[in-house]
Amino acid sequence: MSAMKFILVTGGVISGIGKGIIASSVGTILKSCGLHVTAIKIDPYINIDAGTFSPYEHGEVFVLDDGGEVDLDLGNYERFLDIRLTKDNNLTTGKIYQSVINKERRGDYLGKTVQVVPHITDAIQEWVMRQSKIPVDDDDVEPQVCVIELGGTVGDIESMPFIEAFRQFQFKVKRENFCNIHVSLVPQPSATGEQKTKPTQNSVRELRGLGLSPDLIVCRCSNPLENAVKEKISMFCHVEPEQVICIHDVSSIYRVPLLLEDQGVVGYFCRRLNLPIEVRPRKMLTKWREMSDRSDRLLEHCSIALVGKYTKFSDSYASVIKALEHSALAINHKLEVKYIDSADLEPATLQDEPVKYHEAWQKLCSANGVLVPGGFGVRGTEGKVQAISWARKQKKPFLGVCLGMQLAVCEFARNVLGWEDANSTEFDPETKHPVVIDMPEHNPGQMGGTMRLGKRRTIFKNSPSILRRLYGDADYVDERHRHRFEVNPELKQHFEAKGFRFVGQDVEGERMEVIELDDHAYFVGVQYHPEFTSRPIKPSPPYFGLLLAAAGKLQSYMQKGCRLSPRDTYSDRSGGSSPDSEISELKFPSISQD
């Protein structure tokens, strides 16, 4: 086995420039060459993990199999590369300092002054070395390439120790095993309409001054780079023109690996890092090409109302939206997400801001399906209950995830069982009908890391279940959890008597994991977060069911015997993507024919 290859992705000019997608795409094209790829995300903030962030700060919190609460970029890596990461693939300043301080307290540095250089920088390098060897594929093979994304912007005070660590690291692992991609912004001010290279020049100069020389400069711009601009960047930043890569804004992020591939990035890596790749047509990228062509050609629309409380910032629900997109793509529909702030649906808004109230209800009523995602805190919960009530009575397809499932239980208890004060003890500790209660493991004193987190098994009961059929009639499923409260198991029989069934439970049979309502096209709630394991080519079954129902295709899909689990809408893992015969009979236009 040749030495591990490291690719460091840094960013300049502004944060949020798309480093995550570029890092994922680089991994994807290398994986399509048959290499085993892993990824590490470095976040220079001092939080130990992303668990206590507000979604407005940093986007959603992504949950891993091992219960790690991490940056949403790790979600991109998992989806693009179809790998399973662990919490140590997300490195923060907090984690590094914590580990060094613990060692200092134990006396590992006895007699030494513990400093940023060498102690912190050594700890960073050791962490990267150790983590890069952990297998992330199903076949448990040690990775050959490790893509490292350094969050923030070059020149930030907080990322300095990391840059210094990698300056040393490049000599430790030798030049032919390390390369640096610098992602920069090429703005195009509307006044003159010309593309400006100065921010990129400054940012590359700063990176050079810190001891790292970029091997590829990836320019993010709204329109493709003009040749003159490319040559100018090449001249002022000491790289060949072929090392200047343009990633302009595209219709779908699935196009980014194709853009990199078209600009010869694979060939460059082969030469620069001596990668063991044979040059052959690559099946996996064909699949991406078909996927992005397919998403550009969609004609039929399907709208889903997303009723949440962080709706002003779409990154707050990044994985949820991706899961909806994957499912929409699988049934050849263009997804339209209608964001509704759940507080706008509440009667209080009718008094204060009637226009907002009516607009929100208009959006909800005109959607083909309703999704209530997870969330924390009491604000907006009554609005979610209203939306669930509407979906139940109007027989609109509904999916409730985590809190969404718990509120569906509250809604049913209030409006069907007649328990008017039914609530979750999270919002009303004094309620006489606590239908949702906090779990024994939850310790209210500590906020960070006190939830039921990570991959847990859900066992399906032997009653008829739509969701179980969507999972391919599985006896159980393993999905990721993140919650502090759970449905009160003692009140179960009251619900089941009225056709509100708990069809999935945990291994002990104590936790309610999946709900379904009889006599309704699709009314499903899950306590876990299925969006975290959705993949572009293997949509998550609960979301797939919601989209099928919203597009009016669920019945015919079920009648076909559902033999095909929705995870295989494309043929096999590496081949082309014509849907199986099962699905083509459903009149899904096959993509390979046109």
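Values reported hereafter were calculated over all heavy atoms of this structure, with side chains retained and with hydrogens, waters and symmetry mates removed. Residues: numbered from 1 along the sequence shown.
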Those residues that, when tested against Tyr77, pass ring-ring contact (aromatic ring centres under 6.0 Å, His included) (two or more places apart):
none
To the nearest 0.5 Å, what is the distance between [atom1] on [X] and [atom2] on [Y]?
X: Ser303; Y: Leu324; atom1: OG; atom2: CG; result: 11.0 Å
X: Glu242; Y: Leu216; atom1: CD; atom2: CG; result: 8.5 Å
X: Phe80; Y: Ile29; atom1: CZ; atom2: CD1; result: 11.5 Å
X: Gln243; Y: Tyr268; atom1: CD; atom2: OH; result: 4.0 Å
X: Ile21; Y: Asn76; atom1: CD1; atom2: CG; result: 4.0 Å
X: Leu306; Y: Asp341; atom1: CG; atom2: CG; result: 11.0 Å

With the side chain counted from C-beta on, respond yes when [X] and [Y] share a heavy-atom pair under 4.5 Å apart, and no when they do not.
X: Leu260; Y: Ile245; result: yes
X: Leu285; Y: Glu261; result: yes
X: Leu207; Y: Asn180; result: yes
X: Glu78; Y: Phe62; result: yes
X: Val183; Y: Val9; result: yes
X: Ile459; Y: Asp475; result: no
X: Val186; Y: Ile233; result: yes
X: Lys19; Y: Ile17; result: yes

Give a yes or no on whether a salt bridge exists between [X] and [Y], defined as a side-chain N under 4.0 angstrom from a carboxylate O.
X: Lys334; Y: Glu336; value: no
X: Lys322; Y: Glu60; value: no
X: Asp82; Y: Lys31; value: no
X: Glu240; Y: Arg272; value: no
X: Asp249; Y: Arg255; value: no

Report the C-alpha distance between Val61 and Arg482 in whole Å, list the side-chain angles of each, state the deciding distance to 0.1 Å, and finish with yes or no for side chain to side chain contact (heavy atoms under 4.5 Å, CB included).
CA-CA 10 Å; Val61 177; Arg482 179 178 189 239; 3.9 Å; yes
Centres of the Phe398 and Phe523 rings: under 6.0 Å?
yes
Please give me the minimum heavy-atom distance between [X] and [Y], naming the atom from each residue.
X: Cys402; Y: His483; result: SG-CB, 3.8 Å
X: Leu364; Y: Ala305; result: CD1-CB, 3.9 Å
X: Pro542; Y: Tyr522; result: O-OH, 2.7 Å
X: Pro373; Y: Leu403; result: O-CB, 4.3 Å
X: Ala330; Y: Pro539; result: CB-CG, 3.9 Å
X: Gln195; Y: Gln188; result: CG-CD, 3.7 Å

Hey, are Ser319 and Arg79 close enough side-chain-wise for a donor-acceptor pair under 3.5 Å?
yes
Judged by modelled atom types alone, do Glu479 and Thr533 share a side-chain donor-acceptor pair under 3.5 Å?
yes
Quick one: does any side-chain atom of [X] pair with a main-chain N or O of [Y] as donor and acceptor, under 3.5 Å?
X: Ser132; Y: Val128; answer: yes
X: Lys230; Y: Cys246; answer: no
X: Lys363; Y: Lys338; answer: no

Can you check side chain to side chain contact (heavy atoms under 4.5 Å, CB included) on Ile7 and Leu30, steps first, answer last?
CA-CA 11 Å; Ile7 298 174; Leu30 292 177; 3.6 Å; yes
Can you check side chain to side chain donor-acceptor pair (under 3.5 Å) on Gln131 and Asn89, steps first, answer last?
CA-CA 7 Å; Gln131 200 51 37; Asn89 287 81; 3.0 Å; yes
Between Ser292 and Leu258, is a side chain to side chain contact (heavy atoms under 4.5 Å, CB included) present by the stated rule, with each step listed?
CA-CA 9 Å; Ser292 37; Leu258 307 173; 3.4 Å; yes
Inspect the surroundings of NZ in Lys309 and state if more than 12 heavy atoms from other residues, nucleotides or ligands are less than 6.0 Å away.
yes
Among Val477, Ile515, Leu467, which residue satisfies the side chain to side chain contact (heavy atoms under 4.5 Å, CB included) criterion with Val526?
Leu467
